[in-house]
Amino acid sequence: MLEENRGSYISGERIAAEASVSRAAVWKSIRALQGTGVPIDAVPNKGYALAADSDIVSETALRRILNGSDAPFRFDLHRSVSSTNELAKRAGDLGEAEGLVIVAEEQTAGKGRLNRRFHSPGGSGIYLSILLRPKIQAQDALMITTAAAVAAAEAIGEVTQRDARIKWVNDIFCHGGKCGGILTEASISMENGTIDYAVMGIGMNIREPEGGFPPEIRGIAAAILEPGVIIPDVRCRLIAAFLRRFWEIYRHLPEKHHLNGYRERSMLIGEQVMVISGNSERPAVVLGIDGDCRLVVRWEDGAEAALSTGEVSVRKTEGKYGID
Ligand code: BTN
């Protein structure tokens with residue numbers, strides 16, 4: 001009720017009557033919500049109001065914003081989890097249908113690619129995973145990551161008007177720093193090489209966390225919104241915009257139409273890079289991204305190569321981009 005009447009007061013009496021509970025029970029619930037950080041104003045003789053600029057991610061708010069979308073999303077919202085990808089994989093193992101979206105306020109063991117940690121503090125970011133059962137071959141699983149990258153960059157533009165670029169293969173960049181990352185994990189059928197289920201997890205730094213980013217990612221990480229900028233309901237709106245756009249791409253995934261949008265937003269094309277493999281480093285220029293999402297580069301001797309993400313990954317090094 002508070003969500004549907006943001007910014008307006010509703011009396012405890014009315015809430016109690018609609019929920020068929022006592023006013024004392026309403027008060028107790030409100031106290032509990034306030035205790036978890038939900039900005040509810042309580043005024044004697046007026047009632048309770050959820051702050052109009054509240055940035056709480058609730059299922060009601062998500063449904064309201066997603067209204068009209070035919071995407072089969074079911075939400076599972078958590079305050080704190082180890083990793084939304086882990087929860088979604090558990091659901092996949094248990095046979096849960098496609099479309100389950102697990103969202104967390106914070107992750108205590110957020111995972112990035114290559115066993116890296118993904119810093120996931122409460123209140124400042126978006127951390128979510130979608131359980132998918134795509135009808136594609138395992139070798140095309142990267143299409144899910146690239147679809148999510150395009151959807152995220154577009155959603156950031158739509159909701160915040162900030163320019164978001166994609167750094168091959170799974171990073172989202174804003175203001176020259178990494179503001180988001182995608183980790184897709186899949187369970188493969190060994191019999192026919194198809195995907196039993198895939199979990200696409202995405203994390204976005206909306207605001208710089210209190211106390212700043214930890215030293216190990218300072219200088220690499222960035223927030224989408226500058227300090228002090230408030231966009232009401234920004235996390236909910238971003239999640240909804242992302243989900244809507246992701247689903248539009250995902251439903252036509254085998255056609256790979258989104259690869260053009262991926263290339264247009266790609267920040268490496270035309271850039272000089274350093275390709276690092278093991279202990280060796282080799283300069284190259286990035287020519288493009290091919291239909292299998294490999295990075296096409298030209299070495300200094302003029303020879304060309306298509307690098308796949310399994311062999312190399314991209315990281316920013318002292319203002320240049322290296323590939324290790
Ligand atoms: C990366 O930058 O290497 C990928 C980061 C992916 C982070 C997201 S946050 C939601 C989901 N749960 C996780 O544990 N990881 C992904």
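Heads up: numbering here begins at 1 and tracks the sequence. In listed order, ligands and their atoms are each counted from 1.
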Got more than 12 heavy atoms from elsewhere within 6.0 Å of CZ, R298? no
Using a strict cut-off of less than 4.0 Å between a Lys/Arg side-chain nitrogen and an Asp/Glu carboxylate oxygen, indicate whether R64 and E3 qualify as a salt bridge. yes
Give a yes or no on whether the ring-centroid distance for F73 and W247 is below 6.0 angstrom. yes
Verify the distance criterion only: is there a donor paired with an acceptor across the side chains of S189 and D196 at less than 3.5 Å? no
Contact residues of ligand 1, where a non-hydrogen atom lies under 4.0 Å away: S83, T84, N85, Q107, G110, K111, G112, R113, F118, L128, S129, N170, D171, K178, G181, I182, L183, G201, I202, G203
Checking K46 against Y9: charged group under 6.0 Å from the ring centre and within 45 degrees of the axis? yes
Excluding sequence neighbours, so at least two apart, what forms side-chain contact (heavy atoms from CB on, under 4.5 Å) with E300? P283
